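What follows is a short report on a single structure.
One is the number of the first residue; the rest follow in order along the sequence. What you see is a predicted model, and the numbers here were worked out from it, not measured in a lab.
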Amino acid sequence: MAKQRPKLTDVLKNAEQSGTRPSDTESKRGRPAKQESKRNKWIQLNIFVPEELRDRLKMQALREKRDMSDIVVDVLEERLTD
C-alpha cells in the first residue's frame, strides 16, 4: 500500500503554528536562488534547429565549458550587429 501524503490543510495549519511557510524555508529546487542568475535577467526563446546543429552546439559548449545559451547569444549578437 502506498504511503498517503498529508492533506494540504494540515500542512498549512502546521506551518502557521510554527510561524513559517514552506516557501520561506526553501526554493523550488531546495536551494537559494542566485542573485545574478540568468533566469532573473534573460527570457526563454524557443526555436527549432536541426538535431546535428544542436549536437554541435552542445559539444562546443562542453569544450569551452560554457552554457549553450552564452554561445548562441554571442553568435546572434555578432550576426545582428553587422
Which residues share a side-chain hydrogen bond (donor to acceptor under 3.5 Å, both in side chains) with [X], sequence neighbours left out:
X	result
Gln44	Asn46
Asp55	none
Arg5	none
Arg56	none

Subject >> With Ile47 via side-chain contact (heavy atoms from CB on, under 4.5 Å) - residues at least two apart >> reply: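 Applying side-chain contact (heavy atoms from CB on, under 4.5 Å) to Ile47 gives Leu45, Val49.
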Original post:
Does Met59 sit in a hydrophobic cluster with other residues, and if so which ones, taking ILVMFWY side chains as linked at heavy-atom separations under 4.5 Å, directly or through other members?
Top reply: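 The other cluster members (ILVMFWY side chains, heavy atoms under 4.5 Å, direct or chained) are Leu62.
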**OP:** Could you tell me the separation between the CG atom of Asp74 and the CZ atom of Arg79, rounded to the nearest 0.5 Å?
**Re:**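 Going from CG on Asp74 over to CZ on Arg79, the span is 15.5 Å.
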Subject >> Side chains of Leu53 and Pro50 in contact at under 4.5 Å (non-hydrogen atoms) >> reply: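 A side-chain contact under 4.5 Å exists here.
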**OP:** Identify the heavy atoms of Ala61 and Asp67 that sit nearest to each other, and give their distance.
**Re:**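 In terms of heavy atoms, the two residues are closest at CB-C, 4.3 Å.
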**OP:** Start with the C-alpha gap between Asp70 and Glu64, add the side-chain angles, then the distance that decides, and say whether side-chain contact (heavy atoms from CB on, under 4.5 Å) holds.
**Re:** CA-CA 11 Å; Asp70 293 332; Glu64 296 181 11; over 6 Å; no
Subject >> Residues that Arg54 engages under salt bridge (Lys or Arg N to Asp or Glu O under 4.0 Å), provided they are two or more places apart >> reply: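 Listed in chain order: Glu51.
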